[in-house]
Amino acid sequence: MDRIQLANSATEKANPTMDLGVRWKLHGDGRTPAPGAVVRPDERLSWPRTIGLGAQHVVAMFGASFVAPVLMGLDPNLAIMMSGVATVIFLLATRGRVPSYLGCSLSFVGVAAVIRAQGGTSATVTGAVFVVGVVLFLVGVAVQRFGARIIHAAMPPIVTGAVVMLIGFNLAPVTAATYWPQDQWTALLVMAFTGLAVVCLRGFWSRVAIFLGLVFGYGVSWAFDRIFGRIHSMSTSGEVTDHWRLDLSAVGKADWVGLPSFHGPTFQWSAILVALPVVLALVAENAGHVKAVGEMTGDPLDDKLGTAISADGVASMLSTAVGGPPNTTYSENIGVMAATRVYSTAAYWAAACFALLFGLCPKFGAIVAAIPGGVLGGITVILYGMIGLLGAQIWLNSGVDLRNPLNLVPAAAGIIIGVGGVSIRFSDNFTLSGIALGTLVVITGYHALRYLAPAHLKSEQPLLDEGTSSYDSPDGPGRRARP
């Protein structure tokens with residue numbers, strides 16, 4: 001691995017353009033890779049094919065990237081535009097060695113809901129998330145300096161899994177009280193269709209099932225308006241009125257070309273404390289993404305983990321500074337690479353350019369803003385649950401033993417606090433509750449109990465992975481070595 005990294009370093013020093021990862025060799029004839037061959041990050045196919053692959057990456061990230069800002073109450077046009085900017089920053093920072101697309105992070109949807117429930121505005125949301133971007137950047141710098149083991153020391157899988165789980169399940173009241181009541185039958189149909197799409201469709205189509213569910217929901221809402229007329233239910237404003245399920249009046253008024261809505265962040269300690277726990281989820285996402293890409297491309301990327309985390313932090317800071325949502329590396333695009341075996345970063349540059357163009361089309365934003373509440377209800381039932389269950393997947397992949405009370409007690413307490421909205425009031429102006437309090441209980445509870453626990457409980461599962469790679473073990477890649 002050291003020889004590979006030294007060779008890469010020597011190549012970068014000899015070629016300043018290559019240092020930025022913006023020069024690509026033509027793979028073969030530029031048309032179709034040979035059977036079993038892969039197109040490496042520093043290679044490309046012909047430009048028309050590369051542009052087509054870039055468009056495919058845009059479609060893959062599109063569902064989550066525009067659903068997330070809608071759920072957060074932010075401008076979807078700006079979110080798409082800043083996802084393109086974030087991707088460019090990431091590609092330049094990692095010097096073209098980590099093919100990735102950065103889109104709006106779903107991990108912050110619950111945070112935005114909590115902040116708004118406390119009376120916060122969009123500026124309050126982006127201000128809190130801006131601070132998360134700063135912390136994420138500093139974590140990346142620390143990883144570059146001290147190595148990836150500090151992540152595993154502070155956030156072992158039991159902690160990371162519990163935090164991701166409580167973030168996802170904390171969103172359940174948003175669906176139950178806000179989206180589902182607006183049109184329960186449309187929500188039920190969209191939920192059923194999306195579930196079938198996820199399970200029954202194959203390949204690329206299964207990866208854009210959320211997007212297909214939204215399209216289906218649009219069609220159902222339009223048809224129900226024509227068949228049954230207006231619906232008497234809660235509207236987006238929270239009032240029970242007679243209204244159309246699908247109102248496209250704003251689409252006709254929107255311009256084809258124009259800038260999205262920018263705004264600056266504002267900072268409130270209460271909102272920042274709610275948002276900070278999501279740093280754990282973002283670090284876990286980035287670490288898993290870099291490892292997965294490294295295994296797919298055959299290029300050890302451990303030396304780029306800190307850079308990737310820092311780049312994500314910088315991209316999120318820039319996006320939230322102008323009123324956009326935070327960003328993270330997207331697993332949807334890993335699926336596209338796995339299916340096509342094309343890892344060229346040139347395709348991601350093309351995808352970033354497409355995203356910038358979409359962001360300059362207000363009509364697109366108006367279409368997204370018109371998503372009926374019932375459609376979001378059906379989507380979020382599945383989406384929020386999937387976010388929460390990713391925490392369980394972290395436990396499974398890492399071999400976490402929940403029979404060990406050292407793991408069970410802090411995770412159980414933190415999850416119930418996070419999901420149930422338990423709060424502790426310190427003063428009239430300072431209260432910890434929900435996600436923030438649950439995360440604090442999981443982290444401090446685990447490390448405190450570990451310090452006090454008898455030796456036999458500590459030895460059942462190691463705190464740190466052995467070896468230089470946190471994902472390699474005799475049990476296979478992605479699993480912890482069991483004692």
Side-chain angles (χ1 to χ4, degrees), residues 61 64-94 98 100-112 115 120 122-144 151 163-164 167 260 262-268 271-290 304-333 348 352 355-356 359 387 435:
M61 68 85 183
S65 263
F66 81 75
V67 171
V70 170
L71 297 178
M72 294 174 67
L74 301 176
D75 185 352
N77 272 56
L78 183 57
I80 296 296
M81 173 186 286
M82 295 311 297
S83 74
V85 174
T87 299
V88 169
I89 292 173
F90 187 90
L91 293 174
L92 291 175
T94 58
V98 188
S100 301
Y101 193 92
L102 269 64
C104 181
S105 174
L106 288 165
S107 299
F108 288 94
V109 172
V111 167
I115 292 173
S122 294
T124 311
V125 171
T126 53
V129 178
F130 178 89
V131 176
V132 174
V134 173
V135 175
L136 187 63
F137 169 76
L138 295 176
V139 170
V141 172
V143 171
Q144 287 177 284
I151 294 177
V163 171
V164 173
I167 287 172
F262 297 101
H263 69 259
T266 58
F267 303 97
Q268 295 181 6
I272 291 170
L273 289 174
V274 170
L276 276 178
V278 183
V279 168
L280 303 182
L282 295 182
V283 171
E285 287 175 353
N286 276 279
H289 186 94
V290 169
K304 288 297 181 184
L305 177 56
T307 303
I309 294 173
S310 294
D312 190 0
V314 170
S316 293
M317 290 162 58
L318 179 60
S319 178
T320 53
V322 297
N327 295 285
T328 189
T329 49
Y330 260 31
S331 59
E332 288 89 340
N333 298 92
Y348 283 102
L356 290 171
I387 294 171
I435 294 174

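We find the CD1-CG distance between Ile115 and Leu273 to be 10.0 Å, quoted to the nearest 0.5 Å. The structure places CD1 of Ile89 at 10.0 Å from CE of Met317, a figure rounded to the nearest 0.5 Å. Atoms CD and OG1, on Gln268 and Thr124 in that order, are 4.5 Å from each other to the nearest 0.5 Å. Residue Thr320 holds its OG1 atom at 9.0 Å from NE2 of His263, rounded to the nearest 0.5 Å. Between atom OG of residue Ser310 and atom CG of residue Leu136 there is a gap of 7.5 Å, rounded to the nearest 0.5 Å.
For the pair Val132 and Phe108, the minimum side-chain heavy-atom distance is below 4.5 Å. A 4.5 Å side-chain heavy-atom check between Pro325 and Val129 finds every atom pair outside the cut-off.
The minimum heavy-atom distance between Ala355 and Tyr101, with the atom names listed, is CB-OH, 3.2 Å. The two atoms that bring Leu91 and Val98 nearest to each other are CD2-O, 4.0 Å, heavy atoms only. Closest approach of Leu102 to Ala315, counting heavy atoms only: CD2-CB, 4.1 Å. Pro326 and Met72 make their closest contact through CD-CE, 4.0 Å (heavy atoms, listed as atom of the first residue, atom of the second, distance). Here the closest non-hydrogen pair linking Pro69 and Cys104 is CD-SG, 3.8 Å. Among all heavy-atom pairs drawn from Ala311 and Phe90, the shortest one is CB-CD1, 3.9 Å.
Judged by distance alone, the side chains of Ser100 and Tyr348 never bring a donor and an acceptor atom under 3.5 Å apart.
Judged by distance alone, with hydrogens and angles left aside, the side-chain atoms of Ser316 form a donor-acceptor pair with the main-chain N or O of Asn327 at under 3.5 Å. Within the 3.5 Å criterion, the main-chain N or O of Ile80 finds a donor-acceptor partner in the side chain of Ser83.
By the side-chain contact (heavy atoms from CB on, under 4.5 Å) test, Thr328 pairs with Ser105, Leu282, Glu285, Asn286, Asp312, Tyr330, sequence neighbours left out. Looking at residues two or more places apart in sequence or on another chain, you find a side-chain contact (heavy atoms from CB on, under 4.5 Å) between Pro260 and Asp75, Asn77, Leu78, Met81, Phe262. Under the rule for a side-chain hydrogen bond (donor to acceptor under 3.5 Å, both in side chains), Thr87 has no partner lying at least two apart in sequence or in another chain.
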